[in-house]
Every structure is written in structure tokens, then in C-alpha cells.
Amino acid sequence: MTESDTAIVLIGDVVGSRRNVTEAADWLRSVARELDRRFADDRLAAFAFTQGDELQGLLRLGADPFLAVLATALRDEARSIRWAISVGPIGPGRGPATERSGPAFIAARERLTAARAARDGLVVVTGQPWLDALFDDVAPLLSTLLSDLTRRQRTVASLILVEGLRQADAAQRLAVSRATISVVAGRGRVREIGRLTRALRRLLAEAVGGDAEPSTSVAADVPSADVPA
């Protein structure tokens, strides 16, 4: 790789991790293994974490960094994590993401610092002002919706949005009725989370080339808006 290579950088900061560094490190180690598996063909470096509280990833253009946000937030043992996603040049090198550098890493870290001050859970920077302005308004909404989910809602949302199951298949996996899945998904606003994620993915595709599409996608079978609450 050359210094002019462009990639997607993810930096995730575990909120409140300093209260229990060992527990945060164990959780991040598990998350890193899961993301390495999910992005096996799309990562340019292994996911890794530093000081027990910060996760870093490096993905090729065309990968879907929002899948990492969803997969992490929808784990059974989810913890609050603040994400910064940056598209830009990276420096040459090998090894895990924590040992890499370049302008995209610097931009992600600067945006993460700003996100802490604004208490935003997700920020995206592409270097294109009009897109970044849209991301500033829209991206934090995804983390807000995800943070409001109960554990049961996270389980259902993960099956639909991360694993790509239809509601009927999710019901079979959990040994419950499809109606139960519809109610849980409706209360958790899974349909809205899916639609918002797709919108963010399209904006990012515009940033990396206009007609580019991420190689992974959010499932299309999300519950209708009139699911009873």
C-alpha cells in the first residue's frame, strides 16, 4: 500500500470504561474478534484496541462501517461506545489498526474528541463539506435509537439488521411467534433503524465514489410502521 491509499477508519471509544478497565478490555477483545470475522474480506488491518477503552478498525473502500456500529450496539452484553468513522488517506504499514496512521486516523480522532464534547454517539467525516454537514445532523440519531433498545429488542434487531433474517426466520430462531417478533421490533423501531442505516450507507457511498455500494447490507425485511406498540 502507498501513502496515497484511501480507506475507512473506525475508532470506537467505550463510554465509562475507566471505571472498570479490565472488564472493558475483555469486552473489546470479544468485539474485535467478532468484527474481524464479519469483515474478513473487507478489513485492511485487524481490529484492535488500546488502553482497554478504544477500538480501532481499518476497512477498504466499499465496506460497510455501519455494520460494525450495529453489530457492536446489538450484542447481548452491549456497552455504550462512541464511534467516529473517517474516509481518507492512510499511511503505509502492516499490523493491526492500532499500529497504523495517516490523515484519516487523525480526522477520526479529531471528530471523536468533538463528539465527546457534543455527547454524540456517532460521527462521520469524509472531507466533503456538504456530506459532512448531513452526517453531523443525521449520524448521531442512529446511536440514539440503538441506545434506547432493551436487551430483547437488541436480540431481535440483531437477527434482522445484522444477520439479515426475515421476521419469520427470526421467530423460528427464537422459538416464538412471528407476531411476537413484530411487536418487539415495532417497539424497538427496528424498521426506522434499518432505514436510517441505509440512508447513512448511501451518503457514505456518495463520498467514496458516487455509485459505490458497500459490500454488506442491512436486511430489507423490517417491520412495517403500523406495528402496534
Side-chain angles (χ1 to χ4, degrees), residues 1 5 7-88 90-102 104-113 115-116 120-125 139 142-143 146-147 149 151 154-155 157-159 161-164 197 200-201 204 214-218:
M1 300 179 67
D5 283 337
I8 299 172
V9 170
L10 296 89
I11 299 181
D13 181 42
V14 180
V15 179
S17 62
R18 299 306 174 98
R19 291 192 292 268
N20 192 327
V21 175
T22 300
E23 181 180 297
D26 290 342
W27 184 79
L28 282 170
R29 188 175 294 108
S30 175
V31 171
R33 286 197 298 264
E34 178 184 352
L35 295 182
D36 275 339
R37 175 179 61 81
R38 291 191 182 280
F39 290 95
D41 297 328
D42 287 330
R43 61 182 175 87
L44 299 177
F47 282 84
F49 62 92
T50 62
Q51 299 178 359
D53 62 1
E54 187 176 276
L55 181 70
Q56 296 184 23
L58 182 61
L59 305 176
R60 69 172 184 82
L61 293 182
D64 178 12
F66 301 108
L67 176 63
V69 176
L70 290 175
T72 303
L74 298 177
R75 292 167 63 94
D76 284 342
E77 71 285 16
R79 297 172 63 101
S80 179
I81 185 168
R82 180 175 289 112
W83 287 100
I85 297 172
S86 172
V87 179
I90 58 171
R94 298 182 179 180
T98 50
E99 297 177 6
R100 308 296 294 274
S101 63
F105 282 91
I106 295 173
R109 192 166 298 286
E110 289 176 348
R111 291 297 288 120
L112 190 61
T113 299
R116 292 192 189 101
D120 288 335
L122 172 62
V123 291
V124 183
V125 57
L142 179 59
S143 62
L146 292 170
S147 67
L149 297 177
R151 182 165 184 165
R154 289 200 305 271
T155 298
S158 180
L159 291 175
L161 300 178
V162 178
E163 303 302 332
T197 303
L200 292 171
R201 290 176 59 241
L204 190 65
S215 59
T216 50
S217 63
V218 175

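Count residues from 1 along the sequence.
- Smallest separation of non-hydrogen atoms from F66 and L200: CE1-O, 3.5 Å.
- Remark: F39 CZ to R60 CZ distance equals 10.5 Å, nearest 0.5 Å.
- Side-chain atoms of R100 come within 3.5 Å of backbone N or O of G93 as a donor-acceptor pair.
- Residues forming a side chain to side chain donor-acceptor pair (under 3.5 Å) with S158 (at least two apart in sequence, or on another chain): none.
- A45 and G95 get closest at one heavy-atom pair: CB-O, 3.3 Å.
- Partners of R116 by side chain to side chain donor-acceptor pair (under 3.5 Å), not counting sequence neighbours, listed by chain and number: D13.
- Partners of R29 under the side chain to side chain donor-acceptor pair (under 3.5 Å) rule, at least two apart in sequence or in another chain, are D26.
- Taking every heavy atom of both residues into account, L112 and W83 meet most closely at CD1-C, 4.2 Å.
- D120 places no side-chain N or O within donor-acceptor distance of the main-chain N or O of L122, the cut-off being under 3.5 Å.
- Contact annotation: the side chain of V9 never approaches that of V87 to less than 4.5 Å [non-hydrogen atoms, C-beta and beyond].
- Closest approach of L58 and A97 over heavy atoms only: N-CB, 4.0 Å.
- The CD1 atom of I106 sits 7.5 Å away from atom OG of S101, with the distance rounded to the nearest 0.5 Å.
- For the pair A7 and L59, the tightest heavy-atom approach, listed with the atom from each and the gap, is CB-O, 3.3 Å.
- Between the CG atom of D36 and the CZ atom of F47 there is a distance of 6.5 Å, given to the nearest 0.5 Å.
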Check the pair I81 / V69 against side chain to side chain contact (heavy atoms under 4.5 Å, CB included), numbers first and verdict last.
CA-CA 9 Å; I81 185 168; V69 176; over 6 Å; no
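- Checked against salt bridge (charged side-chain N to carboxylate O under 4.0 Å, His left out), E34 has the following partners two or more places apart in sequence or in another chain: R38, R75.
- Distance CG/L67 to CZ/R201: 9.0 Å, rounded to 0.5 Å.
- Across A78 and A73, no two heavy atoms sit closer than the pair CB-O, 3.3 Å.
- For R82, the salt bridge (charged side-chain N to carboxylate O under 4.0 Å, His left out) criterion is met by no residue, not counting sequence neighbours.
- Two residues are said to be in side-chain contact when any heavy atoms from C-beta on lie closer than 4.5 Å; Q56 and L10 fail this criterion.
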Decide side chain to side chain contact (heavy atoms under 4.5 Å, CB included) for L142 and T197; before the verdict, give the C-alpha distance in whole Å, the side-chain angles of both, and the deciding distance to 0.1 Å. CA-CA 7 Å; L142 179 59; T197 303; 3.6 Å; yes
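- Between D76 and R154, none of the side-chain N atoms (NZ, or NE/NH1/NH2) sits under 4.0 Å from a carboxylate O, so this pair counts as no salt bridge.
- In this structure, R37 places its CZ atom where more than 12 heavy-atom neighbours from other residues, nucleotides or ligands lie under 6.0 Å away.
- Under the 3.5 Å distance criterion, the side-chain polar atoms of W27 are matched with a main-chain donor or acceptor of E77.
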Would you please test L149 and L74 for side chain to side chain contact (heavy atoms under 4.5 Å, CB included) and show each step? CA-CA 9 Å; L149 297 177; L74 298 177; 3.5 Å; yes
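- Residues satisfying the side chain to side chain donor-acceptor pair (under 3.5 Å) criterion with R109, sequence neighbours excluded, are E54.
- A 4.5 Å side-chain heavy-atom check between V123 and I85 finds every atom pair outside the cut-off.
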* Asked: I8 and L204: side chain to side chain contact (heavy atoms under 4.5 Å, CB included), yes or no, with the steps?
  -> CA-CA 10 Å; I8 299 172; L204 190 65; 4.2 Å; yes
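- In this structure a side-chain-to-backbone donor-acceptor pair under 3.5 Å is missing from T98 to A48.
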